[in-house]
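The structure under discussion appears below in the form of structure tokens.
Order of the sequence lines fixes the chain letters, A, B, ..., with proteins taken first and strands second; residue numbering starts at 1 for each chain. These values consider heavy atoms only, across backbone and side chains, with no hydrogens, waters or symmetry-generated copies.
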Amino acid sequence: MAASEGSFDFEAFFQAHYERIARSIARIIGDRARAEDFAVEAFWRLWRHPKVQGANAGGWVYRTAVRLALNDLRGDRRRSQYEAGRAAPQKSPETPEQAHAAAEERRQVRHVLALLDERQAELLLLRTSGLSYEELATAMDLNPASVGTFLSRAQQAFRKEYLKRYGEQGNER
Amino acid sequence: MENKETNVNEWVEERLASLDAPGTWRPDAVRARKRLGGRACALRWRRWMGASATAAAVVLGIVVLGAPRACATPRGCAASLWQRVFATEIAAHRVASGPLTATFKESGAPTAPITCEIYSDYQCPFCAQMFTQTVPALSEYVKAGKVRLVHRDFPLSQHQYARLAARYANAAGLLGYYDAVVDRIFRTQKIWSQDGDIAAQLTQVLRPDALQKVREMADSDVELDQIVAADMELAAKEQIRETPTLVIVSRGQRQTIAGVPDISLLKRYLNELLADGK
């Protein structure tokens with residue numbers, strides 16, 4: 001499987017981004033095996049779309065991956081069961097109480113992300129995946145000068161939804 | 001104002017940081033690269049060998065549009081898919097003469113001009129999509145005696161409980177409950193994928209005594225490994241590298257389609273094969 005386009009080195013791109021993208025998806029859905037499935041799917045779609053291979057490929061494949069993960073998060077009608085029983089690959093808290101609190105917070109964050117406007121959720125997750133404003137603008141098809149505004153709105157929407165659902169209690173760690 | 005925005009920013013980042021995975025996990029890039037390579041090879045081969053221009057166009061379309069459009073959550077299926085699709089075959093769910101002839105995995109008329117072999121992994125989200133969307137769409141062909149469906153196991157190594165799920169499904173198949181259990185396993189994929197407790201998800205489709213038997217067989221019956229091994233052996237010969245993969249066999253020609261095919265294009269392709277065979 002070589003590069004599909006002369007100027008684009010798919011191999012190098014894959015090696016540079018695969019692990020980071022798989023980790024980003026795992027953060028969202030909390031399931032490593034599925035995260036790898038979705039990461040492969042995202043790269044496959046990139047490979048099948050020569051038009052997006054180039055300088056903007058990074059943003060495109062990150063957004064595709066995040067979208068697959070968010071779809072997975074939203075599509076689950078048994079979300080509460082799914083996440084309650086989920087042994088997510090997370091930090092190892094010191095006590096059972098801390099473990100429970102951390103798991104609960106992850107569940108809440110995922111729930112809010114699933115409820116949020118799709119573009120806002122994507123923007124937040126892409127930003128926390130480490131994309132720069134410039135990369136965000138490309139990936140989300142935004143004016144670079146507007147990224148900060150959109151991001152701020154997305155953060156406010158996230159906070160509002162989170163507090164509406166869980167109140168300040170959810171703020172306790 | 002700026003201070004307030006900074007606070008919101010920090011607050012949100014703090015919440016999202018709770019999702020962070022530890023740095024110790026390294027996604028397997030080598031395996032992922034092989035999976036991508038396998039897809040690319042299969043695609044090139046299909047392009048190269050197309051039997052006719054039309055058929056090639058249709059197959060290419062199946063592949064192009066085959067990418068899943070959403071997550072693979074089973075939804076909206078009130079009745080057992082396999083029951084709906086393979087209603088006439090339920091009584092025949094017995095292994096006839098050894099692991100290579102697990103007839104409970106086959107449905108449709110043995111004389112059907114087309115055989116569709118589906119290689120799947122019970123923990124693969126796209127396989128769940130395949131079994132909740134594509135397989136039911138083929139029911140009209142199966143009932144009309146035009147297509148014979150064969151379900152083959154291809155548990156991927158990265159899916160911790162896929163092989164166990166196959167054991168449960170095949171144990172249920174040996175006891176005559178294959179269709180209901182396969183359906184249930186795919187429907188509840190996300191739940192049991194967390195802890196491997198497949199039995200807990202089967203209580204809704206199996207009586208307690210039947211569930212007990214299935215569980216005992218899944219725990220210890222070596223024949224179940226042979227059933228999976230036979231499928232894996234066939235997969236190796238077919239050079240299957242990912243799931244789901246559909247192998248369409250017609251008049252001695254085998255066409256491999258990786259991923260979830262677009263249903264309308266798949267039907268067009270089957271119709272063309274059937275028309276060519278007349």
Are the side chains of B:R15 and A:Q108 in contact, using a 4.5 Å heavy-atom criterion? no
Closest heavy-atom pair, B:V12 versus A:Q155, reported as atoms and distance to 0.1 Å, is CG2-O, 3.4 Å
Checking B:R163 now: which residues fulfil side-chain hydrogen bond (donor to acceptor under 3.5 Å, both in side chains) with it, not counting sequence neighbours? none
To the nearest 0.5 Å, tell me how far A:R106 CZ sits from B:L19 CG. 8.0 Å
Going by residue number, which parts of residues 123-132 of chain A are within reach of chain B, meaning a heavy-atom gap below 4.5 Å? A:L124, A:T128
Name all residues meeting the ring-ring contact (aromatic ring centres under 6.0 Å, His included) criterion together with A:Y62; count only those two or more places apart in sequence or in a different chain, and write none if there are none. A:H17
Sequence neighbours left out, what passes salt bridge (Lys or Arg N to Asp or Glu O under 4.0 Å) with A:E104? Give chain and number order. A:R107
With heavy-atom distances below 4.5 Å as the criterion, would you say the side chains of B:V30 and A:Y18 are in contact? no
Could you go step by step and tell me if A:F14 and B:L36 meet the side chain to side chain contact (heavy atoms under 4.5 Å, CB included) rule? CA-CA 10 Å; A:F14 175 87; B:L36 280 172; 3.4 Å; yes
Note: B:D28-A:R32 ion pair, threshold 4.0 Å (strictly below): no
To the nearest 0.5 Å, how far apart are CZ in A:R110 and CG in B:L16? 11.0 Å
Go through the atoms of A:V40 and report whether side chain, backbone, both or neither lie under 4.5 Å from a heavy atom of chain B. both
Do A:D31 and B:K190 sit within salt-bridge range, that is, some charged N less than 4.0 Å from a carboxylate O? no
Just how far is it from atom CD of B:Q158 to atom CZ of A:R34, taken to the nearest 0.5 Å? 12.0 Å
Passes side chain to side chain contact (heavy atoms under 4.5 Å, CB included), A:E41 versus B:F126? Steps please. CA-CA 10 Å; A:E41 182 63 28; B:F126 304 116; 4.0 Å; yes
Nearest 0.5 angstrom please: B:E242 CD to A:W44 CH2, how far? 7.0 Å
Most heavy-atom pairs under 4.5 Å with chain A, out of B:A29, B:A32, B:P27, B:S193, belong to B:P27
Just wondering, are more than 12 heavy atoms of other shown residues or ligands nearer than 6.0 Å to CG in A:D141? no
Are B:N9 and A:L151 close enough, and set up right, to give a side chain to side chain contact (heavy atoms under 4.5 Å, CB included), and what steps lead you there? CA-CA 9 Å; B:N9 181 25; A:L151 193 57; over 6 Å; no
Using 4.0 Å as the upper bound for N to carboxylate O, is an ion pair formed by A:E11 and B:R33? yes
Would one find more than 12 heavy atoms of other residues, nucleotides or ligands at under 6.0 Å from atom CD of A:E134? no
